[in-house]
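Worksheet for the structure shown next.
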There are 2 protein chains.
Amino acid sequence: MYSISDLAEEFGITTRTIRYYEELGLLKPARSEGGRRIYSSRDLARLKLVIRGKRFGFSLEEIKEMVLLFDEDRTGEKQLERTIEYGQEKLAAVNERICELVEIREEIERLLMDFKGRLSK
Amino acid sequence: MYSISDLAEEFGITTRTIRYYEELGLLKPARSEGGRRIYSSRDLARLKLVIRGKRFGFSLEEIKEMVLLFDEDRTGEKQLERTIEYGQEKLAAVNERICELVEIREEIERLLMDFKGRLSK
DNA sequence: CTTGTTCTTTACGTTAACGTCAATGGTATA
DNA sequence: TATACCATTGACGTTAACGTAAAGAACAAG
């Protein structure tokens, strides 16, 4: 169990940010008797997901959508199918991103080769 | 040669956005006699880079830094070394991103397997 | 040459994602 | 129990990245 400043330190963000994420419905930590936030390792994992999503340029609203979909109890068959469909979409998107990044990597490598060649002349 | 609305349509953004990028120094299109912006295919390529950068969660300031560094005439040896160093940093960052995305892909695949398993029961 | 569309600059408005107080209350430690 | 620190909820402030509207000029078509 962690306090809000534990998480803030762990992830290098401010407590304000964490409270803001809660305000948007991205986190729902338990509370102590006195009203203080208590974070489980499950909450910690979720925050990790949120921060990772941010690094990939997703808005907090988009991240919320994803996090909630993969987190709800999916009981009905319809719900399950819907989630699988969504997951497959996301999988395709991730694959596309990977391809794009590989392209970028190749471009940078080409540029570096070029510059290094000029240097050794 | 393209007009501003050509580019806007091509990339699915507004003309305001394109002018804003110019305002920040990310684009420097030629002008017609009457003062209208004229974009070359080089400008088009650069805009493509900017938009790609955005999709990966970089701020316009960060993108500017990258775009300018890889675009300036690098004459001095010091400048060249500096650029190579910067390029290597960026290369490492891109590699890290790729690794992270591969991890995400694996996670999604696991989740999908799990859900599909539940469905076929 | 007129008319309609596209472009220009200028300038104020908006929204997401926080930052920064301030006033107050909980909690650990000597 | 006093003290020092950490947390809570407002509430207003800030910045990046545009949106939007106005007033006027450029350009293409008839």
Side-chain angles (χ1 to χ4, degrees), chain A residues 1-44 46-69 93 97, chain B residues 1-44 46-69 93 97:
Chain A
M1 298 303 171
Y2 315 88
S3 74
I4 192 165
S5 50
D6 288 343
L7 288 206
E9 198 176 347
E10 172 79 20
F11 291 108
I13 58 181
T14 68
T15 58
R16 175 66 176 97
T17 298
I18 297 173
R19 288 197 197 94
Y20 180 61
Y21 291 169
E22 181 175 346
E23 204 175 310
L24 293 187
L26 289 167
L27 296 169
K28 275 168 196 165
R31 297 288 183 138
S32 80
E33 197 190 313
R36 300 198 165 185
R37 279 163 252 254
I38 303 169
Y39 297 88
S40 68
S41 37
R42 207 175 143 70
D43 293 320
L44 192 141
R46 194 186 256 208
L47 180 53
K48 202 172 186 170
L49 272 175
V50 172
I51 290 169
R52 200 159 63 173
K54 286 235 70 189
R55 274 214 308 288
F56 287 102
F58 295 107
S59 74
L60 292 176
E61 270 310 309
E62 290 172 305
I63 294 171
K64 181 178 176 182
E65 200 187 340
M66 299 184 218
V67 165
L68 290 187
L69 246 165
R97 286 283 181 106
Chain B
M1 298 302 172
Y2 315 89
S3 74
I4 191 166
S5 49
D6 288 342
L7 286 207
E9 198 177 347
E10 172 79 20
F11 291 108
I13 57 181
T14 68
T15 59
R16 174 67 176 97
T17 298
I18 297 173
R19 288 197 197 92
Y20 180 62
Y21 291 170
E22 182 175 345
E23 203 176 311
L24 294 187
L26 289 167
L27 295 168
K28 274 168 196 165
R31 297 289 181 136
S32 79
E33 197 190 315
R36 298 194 167 188
R37 277 164 252 253
I38 303 170
Y39 297 89
S40 68
S41 37
R42 208 176 143 69
D43 294 320
L44 192 141
R46 194 185 256 205
L47 180 53
K48 201 170 187 172
L49 272 175
V50 173
I51 291 170
R52 198 158 65 174
K54 286 236 71 189
R55 273 214 307 288
F56 288 103
F58 295 107
S59 75
L60 292 175
E61 270 310 309
E62 288 172 306
I63 294 171
K64 180 179 177 181
E65 201 187 337
M66 298 184 218
V67 166
L68 290 186
L69 247 166
R97 285 284 179 102

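Here is the naming used below: chain letters follow the sequence lines, and residue numbers restart at 1 for every chain. Note: hydrogens, waters and symmetry copies are ignored here, and every other heavy atom, side chains too, is used.
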What is the distance, to the nearest angstrom, from the [atom1] atom on [X] to the [atom2] atom on [N]?
X       : N      : atom1 : atom2 : value
A/Tyr2  : D/dA7  : OH    : P     : 15 Å
A/Met1  : D/dC6  : CE    : C1'   : 19 Å
A/Ile38 : D/dC6  : CD1   : P     : 17 Å
B/Leu27 : D/dA17 : CG    : P     : 14 Å
B/Tyr20 : C/dG13 : OH    : P     : 18 Å
A/Glu61 : C/dT15 : CD    : P     : 14 Å
A/Ile51 : C/dA17 : CD1   : P     : 14 Å
B/Arg16 : D/dA16 : CZ    : P     : 14 Å

Using a cut-off of less than 4.0 Å, is there contact between a side-chain N or O of [X] and OP1 or OP2 of [N]?
X       : N      : value
B/Ser32 : D/dA26 : no
A/Thr14 : C/dC18 : no
A/Ser5  : D/dA7  : yes
A/Lys54 : C/dC18 : yes

Specify the residue among B/Gly35 and A/Ser3 whose closest nucleotide of DNA chain D lies further upstream toward the 5′ end.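 Looking at DNA chain D, the more 5' nearest nucleotide goes with A/Ser3.
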Closest-nucleotide mapping onto DNA chain D: is B/Phe58 or B/Gly34 further toward the 5' terminus? I mean the 5' end.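 On the 5' side of the pair lies B/Phe58.
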How would you label the contact of A/Ser59 with the nucleic acid (heavy atoms, under 4.0 Å): base, sugar-phosphate, or nothing?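 Answer is sugar-phosphate: A/Ser59 comes under 4.0 Å of backbone atoms only.
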On DNA chain C, compare the nucleotides closest to A/Thr17 and A/Glu33; which residue's is nearer the 5' end?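 Whichever sits nearer the 5' end wins; that is A/Thr17.
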Heavy-atom pair with the smallest gap, counting every atom of B/Phe56 and B/Arg97: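 The pair with the smallest heavy-atom distance is O-NH1, 3.0 Å.
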Distance-only donor-acceptor test (3.5 Å): side chain B/Arg36, base C/dT6: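 Pair found.
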Let's test your reading of the model: under 3.5 Å, does the base of D/dT8 pair with the side chain of A/Arg19 as donor and acceptor?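 No such pair is found, so the answer is no.
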Looking at the side chain of B/Ile4, which of C/dC18, D/dC18, C/dC7 is the nearest nucleotide?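 Closest nucleotide among those given: C/dC7.
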When you measure from the side chain of [X] to the backbone N and O of [Y], does any donor-acceptor pair fall under 3.5 Å?
X       : Y       : result
B/Arg19 : B/Ile4  : no
A/Arg46 : A/Leu26 : yes
B/Ser5  : B/Ala8  : no

Roughly how far apart are B/Glu22 CD and B/Leu47 CG, rounded to 0.5 Å?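 It is 11.5 Å, given to the nearest 0.5 Å.
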